[in-house]
Amino acid sequence: MKDFRNLKVWEEAHSLTLEIYGATARFPREELYGLSSQMRGCSSSIGANIAEGCGKRGNGEFQRFLQIAAGSTSELDYELLLAKDLGYLAKPDYAKIADELSQIRKMLSALLRTVNVDRKGSGLSANR
């Protein structure tokens with residue numbers, strides 16, 4: 001088991017979640033249970049899945065939770081675009097958050113590659 005707080009990608013994901021909460025607080029009230037809720041849940045899912053994966057035994061489960069976190073980055077990417085196109089996020093805010101999300105996606109990809117190499121090096125099959 002690993003301490004998720006020691007992972008830079010978790011730290012960045014947590015920071016992004018706080019930023020998403022701040023941005024969505026300015027969305028129209030009618031989006032409280034719509035796009036605001038979806039973006040908050042999706043952003044928190046990134047860090048939560050990294051944390052949960054760290055609490056599992058073995059790299060196979062860790063890898064699975066990292067893949068779920070990566071999927072949440074793609075979902076949030078679309079929701080950010082939608083918020084911008086609906087006029088809820090200013091273009092500069094969108095660009096800043098989208099860039100941070102892109103960096104998290106790259107970090108997750110790198111970590112997934114490392115975990116996969118570690119699994120293969122330990123004699124575990126990637127399909128197991």
Side-chain angles (χ1 to χ4, degrees):
M1 290 197 293
K2 304 155 195 63
D3 185 348
F4 63 89
R5 292 171 198 86
N6 293 333
L7 293 175
K8 180 74 172 160
V9 67
W10 175 84
E11 189 178 306
E12 294 296 324
H14 181 68
S15 178
L16 178 71
T17 299
L18 297 176
E19 196 164 350
I20 291 294
Y21 268 75
T24 57
R26 297 183 294 274
F27 283 16
R29 182 163 168 70
E30 65 264 16
E31 288 296 343
L32 183 62
Y33 299 106
L35 189 56
S36 292
S37 178
Q38 286 180 286
M39 289 177 69
R40 288 175 174 193
C42 188
S43 66
S44 65
S45 176
I46 299 166
N49 276 293
I50 294 168
E52 187 171 357
C54 284
K56 300 294 183 178
R57 290 183 181 257
N59 281 349
E61 285 189 88
F62 183 43
Q63 184 179 36
R64 184 170 66 89
F65 281 94
L66 291 176
Q67 289 168 339
I68 294 167
S72 293
T73 65
S74 294
E75 183 180 347
L76 183 57
D77 197 12
Y78 169 71
E79 291 166 352
L80 284 168
L81 180 63
L82 180 60
K84 178 188 66 85
D85 290 347
L86 289 170
Y88 300 160
L89 266 181
K91 287 182 182 179
D93 294 333
Y94 166 78
K96 180 181 182 295
I97 295 170
D99 183 59
E100 291 169 8
L101 182 61
S102 176
Q103 294 304 314
I104 291 168
R105 183 179 289 128
K106 289 175 186 173
M107 293 170 79
L108 279 170
S109 292
L111 184 55
L112 274 162
R113 282 192 301 276
T114 299
V115 170
N116 194 40
V117 167
D118 287 349
R119 286 183 70 204
K120 289 179 179 179
S122 67
L124 295 175
S125 167
N127 295 325
R128 239 174 143 179

I need the [X] [atom1] to [Y] [atom2] distance, nearest 0.5 Å.
X    : Y   : atom1 : atom2 : value
I104 : D99 : CD1   : CG    : 10.0 Å
N49  : L66 : CG    : CG    : 8.5 Å
L16  : T73 : CG    : OG1   : 10.0 Å
R57  : E61 : CZ    : CD    : 10.0 Å
D85  : L81 : CG    : CG    : 4.5 Å
E19  : K96 : CD    : NZ    : 3.5 Å

Using residues 4-11 as the side-chain source, report each donor-acceptor pair under 3.5 Å to any protein atom, sequence neighbours left out, with the distance given to one decimal.
residue : atom : partner : partner atom : Å
R5      : NH1  : D3      : OD1          : 3.1
K8      : NZ   : E12     : OE2          : 3.0

(Q) Looking at every non-hydrogen atom in both residues, tell me the closest pair between L89 and A23 and how far apart they are. (A) CD2-CB, 4.0 Å
Q) What are the two closest non-hydrogen atoms of L112 and Q67, and how far apart are they? A) CD2-CG, 3.8 Å
Q: Answer yes if L18 and I20 sit in the same cluster of Ile, Leu, Val, Met, Phe, Trp and Tyr residues linked by side chain heavy atoms under 4.5 Å apart, and no otherwise.
A: no
Q) Other than F65, which residues form its hydrophobic cluster under the rule that side-chain heavy atoms must be closer than 4.5 Å? A) I68
Q) Going by heavy atoms in the side chains, are L111 and M107 under 4.5 Å from each other? A) no
Q) Counting only N and O atoms by type, is there a donor-acceptor contact under 3.5 Å from the side chain of S102 to the main-chain atoms of A98? A) no
Q: Indicate yes or no for a side-chain donor-acceptor contact from R64 to the backbone of G60 under 3.5 Å, with no hydrogens or angles considered.
A: no
For a quick test of your reading: what N or O donor-acceptor pairs under 3.5 Å do the side chains of residues 30-42 make, sequence neighbours left out?
residue : atom : partner : partner atom : Å
E31     : OE1  : L35     : N            : 2.9
E31     : OE2  : Y88     : OH           : 3.2
S36     : OG   : E31     : O            : 3.4
R40     : NE   : T24     : OG1          : 2.7
R40     : NH2  : Y21     : O            : 3.3
R40     : NH2  : T24     : OG1          : 3.3

Q) Would L101 and I46 satisfy side chain to side chain contact (heavy atoms under 4.5 Å, CB included), going step by step from the backbone distance to the final call? A) CA-CA 10 Å; L101 182 61; I46 299 166; 4.2 Å; yes
